[in-house]
Amino acid sequence: MAGYIDAMRSTLAEIIGERDPVVPLALPDGLSPAVEPVVSDAVERLIVYQGRRYARLYLDRIRRFVGRRDVGDDLLIRIAELMAERMAYEDPIRIAQLALIEAVIGPSGVAAVQVDRKCRFRIDEMVSALPIVVANPMLRVLGAFGWQHMHVKMRFNATWWLGIRRLKMEAWLRRWRMLSIRYARERVWVERWLHMIDRCLAKRPEAVWTIVESATMIRGYGDTYRYGMANWTLIIDGLVKPVFAGTLALDDLPAAMAQARAAALPDRRQTALKQTIATIRTQASAEAVPASAMP
């Protein structure tokens, strides 16, 4: 209940022009001169995206890897960049924000740049951006009619005052984003990705760049986002997690992941990806000859 009260207060404060409460945002100690500007830029980006508390969550996550001997500047920079991209995920609220930023709205309320974007979402994707208490009943109704997976075109228009007003109303909904189904899913994904990086550093450090870069599989919105998330999950569950658990012996994990990612690209039904993962696992099992079988 407290989350909803905070969201209502924040929404009202933004409508009447009040600023966010001051939340201290101290960069982690020990950042090198090369890493510090990357993290600072990400913090500013996430403040605009969601607010200062959300930016503080980003900093808390970054602190896990600061000062570690097995994490150099280049690796930390890439983790910082990709985590900022993933935490600023594209939902209808974000696209409305970006349209307003691109339009450069002046004091008169007129756009300096004409922006008119048309995006294609699934209905369940749009509803998932709403607070859970609202989204769940809507999803049940949509499911009963078989409409959850229907596609809907949404227009983000900053070419005239009514479109600009609508974009501002959509952007205000960011105050409710952290109560949404989509936010809960994204939070779980980021934590799992970070956990996989940490496990890789402990178990297979030579493959850590591959695990970090796996975040690039998940982009955008609509079908692109959905298929990317499904493919990432399949590769992690089918190859990476078993390797770290010691139940699958792969001498070259980066090569296996590259092979799986290549199979995922042209096939949205995951048929080729599933076959490729099965082949990799079969070959790995055949090559792992038990010691008792050796002459």
Side-chain angles (χ1 to χ4, degrees), residues 42 45-46 48-50 54 57-58 61 78-79 81-99 101-102 117-132 134-136 138-139 142-143 147-156 167 170-171 173-174 176-197 210-238 240 257 260-274 277:
R45 176 180 178 181
L46 293 172
V48 173
Y49 179 82
Q50 185 61 43
Y54 194 57
L57 173 61
Y58 171 84
R61 287 168 166 169
R78 193 58 178 151
I79 292 172
E81 291 173 341
L82 290 175
M83 183 161 58
E85 289 181 16
R86 196 65 252 132
M87 288 182 68
Y89 58 86
E90 287 189 316
D91 56 6
I93 301 169
R94 177 56 171 169
I95 296 175
Q97 286 180 309
L98 293 174
I101 293 170
E102 185 181 349
R117 294 182 61 183
K118 296 179 180 66
C119 301
R120 192 167 180 258
F121 299 97
R122 285 198 344 180
I123 290 182
D124 58 348
E125 182 180 13
M126 296 173 63
V127 174
S128 294
L130 300 174
I132 294 173
V134 176
N136 278 338
M138 292 180 67
L139 289 173
L142 290 168
W147 294 345
Q148 280 193 357
H149 298 167
M150 288 179 60
H151 288 86
V152 177
K153 290 183 179 179
M154 192 171 178
R155 187 177 182 185
F156 299 86
L167 289 175
E170 290 167 347
L173 289 175
R174 77 179 185 275
W176 300 85
R177 183 190 274 129
M178 294 177 72
L179 300 171
S180 70
I181 295 173
R182 174 72 182 276
Y183 172 76
R185 290 173 181 166
E186 290 289 341
R187 182 161 187 161
V188 168
W189 184 89
V190 172
E191 290 297 335
R192 190 179 189 201
W193 176 63
L194 294 175
H195 175 68
M196 286 297 154
I197 294 172
T210 304
I211 301 300
V212 170
E213 290 293 338
S214 71
T216 61
M217 295 179 66
I218 303 169
R219 299 283 191 185
Y221 54 86
D223 287 344
T224 299
Y225 166 82
R226 188 165 61 91
Y227 292 128
M229 181 66 77
N231 291 337
W232 184 88
T233 301
L234 191 57
I235 291 172
I236 294 297
D237 288 344
V240 179
M257 287 188 66
R261 289 186 64 170
L265 288 177
D267 182 12
R268 290 190 167 185
R269 294 185 178 182
Q270 294 188 311
T271 303
L273 176 56
K274 290 176 181 178
I277 290 175

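Worth saying up front: this structure is predicted, and the values here are computed from it rather than measured.
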Determine the minimum heavy-atom distance between Ala42 and Ala84, stating which atoms define it. CB-CB, 3.6 Å

By salt bridge (charged side-chain N to carboxylate O under 4.0 Å, His left out), which residues pair with Arg192, not counting sequence neighbours? Asp237

List the steps, then state whether salt bridge (Lys or Arg N to Asp or Glu O under 4.0 Å) holds for Glu85 with Arg219. CA-CA 9 Å; Glu85 289 181 16; Arg219 299 283 191 185; 2.5 Å; yes

Spacing of CD1 belonging to Ile79 relative to CD belonging to Glu81, to within rounding of 0.5 Å: 10.5 Å

Kindly indicate whether the side chain of Ile181, heavy atoms from C-beta on, has any atom under 4.5 Å from the side chain of Arg185. yes

Neighbour count above 12 (heavy atom, 6.0 Å) for Lys153 NZ: no

Could you go through the side chain to side chain donor-acceptor pair (under 3.5 Å) check for Arg86 and Thr216 one step at a time? CA-CA 9 Å; Arg86 196 65 252 132; Thr216 61; over 6 Å; no

Please examine the side chains of Leu130 and Trp176, heavy atoms only from C-beta on, and report whether any two atoms are closer than 4.5 Å. no

When you check the gap from the basic side-chain N to the acidic O, do Arg226 and Glu125 get nearer than 4.0 Å? no

Just do the side chain to side chain contact (heavy atoms under 4.5 Å, CB included) check on Leu142 and Val127 with the steps written out, would you? CA-CA 10 Å; Leu142 290 168; Val127 174; 3.8 Å; yes

Would Tyr89 and Tyr183 satisfy side chain to side chain contact (heavy atoms under 4.5 Å, CB included), going step by step from the backbone distance to the final call? CA-CA 9 Å; Tyr89 58 86; Tyr183 172 76; 3.5 Å; yes

Might you point out which heavy atoms bring Val212 and Leu82 nearest each other, and give the distance in Å? O-CD1, 3.3 Å

Are the side chains of Arg122 and Asp223 in touch, meaning some heavy atoms are under 4.5 Å apart? yes

Go through Met217 and Ile235 one step at a time and tell me if the side chain to side chain contact (heavy atoms under 4.5 Å, CB included) criterion holds. CA-CA 11 Å; Met217 295 179 66; Ile235 291 172; 3.7 Å; yes

Lys/Arg N to Asp/Glu carboxylate O, Glu191 vs Arg187, below 4.0 Å: no

Kindly indicate whether the side chain of Glu170, heavy atoms from C-beta on, has any atom under 4.5 Å from the side chain of Pro92. no

How close do Ile93 and Ala171 get, counting heavy atoms only, and between which atoms? CG2-O, 4.0 Å

Using only atom types and a distance under 3.5 Å, with no angle test, would you say the side chain of Gln148 pairs donor to acceptor with the backbone of Leu139? yes

Below 4.5 Å, heavy atoms only, C-beta onward: do Ile95 and Cys119 meet side chain to side chain? yes

Between Arg94 and Asp91, is the closest basic N to carboxylate O distance under 4.0 Å? no

Centres of the Trp232 and Trp193 rings: under 6.0 Å? no

Distance col, row Leu167:CG vs Leu98:CG, nearest 0.5 angstrom, shows 10.5 Å

Is there a donor-acceptor pair under 3.5 Å between the side chain of Thr224 and the backbone N or O of Gly220? no

Tell me, please, which residues at least two apart from Arg117 pass side chain to side chain donor-acceptor pair (under 3.5 Å). none

Could you go step by step and tell me if Met83 and Leu194 meet the side chain to side chain contact (heavy atoms under 4.5 Å, CB included) rule? CA-CA 9 Å; Met83 183 161 58; Leu194 294 175; 3.9 Å; yes

Just by modelled atom types, is the Met87 backbone N or O under 3.5 Å from a matching donor or acceptor in the Tyr54 side chain? yes

If you define the side chain from C-beta out and look only at heavy atoms, does anything of His151 sit under 4.5 Å from Ile123? no

For the CZ atom of Arg182 and the CE atom of Met126, what is their distance to the nearest 0.5 Å? 12.5 Å

Is there a side-chain contact between Gln97 and Arg174, using heavy atoms and a 4.5 Å cut-off? yes

Straight-line distance of Asn231 CG to Ser214 OG, nearest 0.5 Å: 12.0 Å

How about Arg45 and Tyr49: does a side-chain donor come under 3.5 Å of a side-chain acceptor? no

Check: Val48 and Ile101 side chains under 4.5 Å, non-hydrogen atoms: yes

Looking only at the side chains, is there a donor atom on one of Arg177 and Gln50 sitting less than 3.5 Å from an acceptor on the other? yes

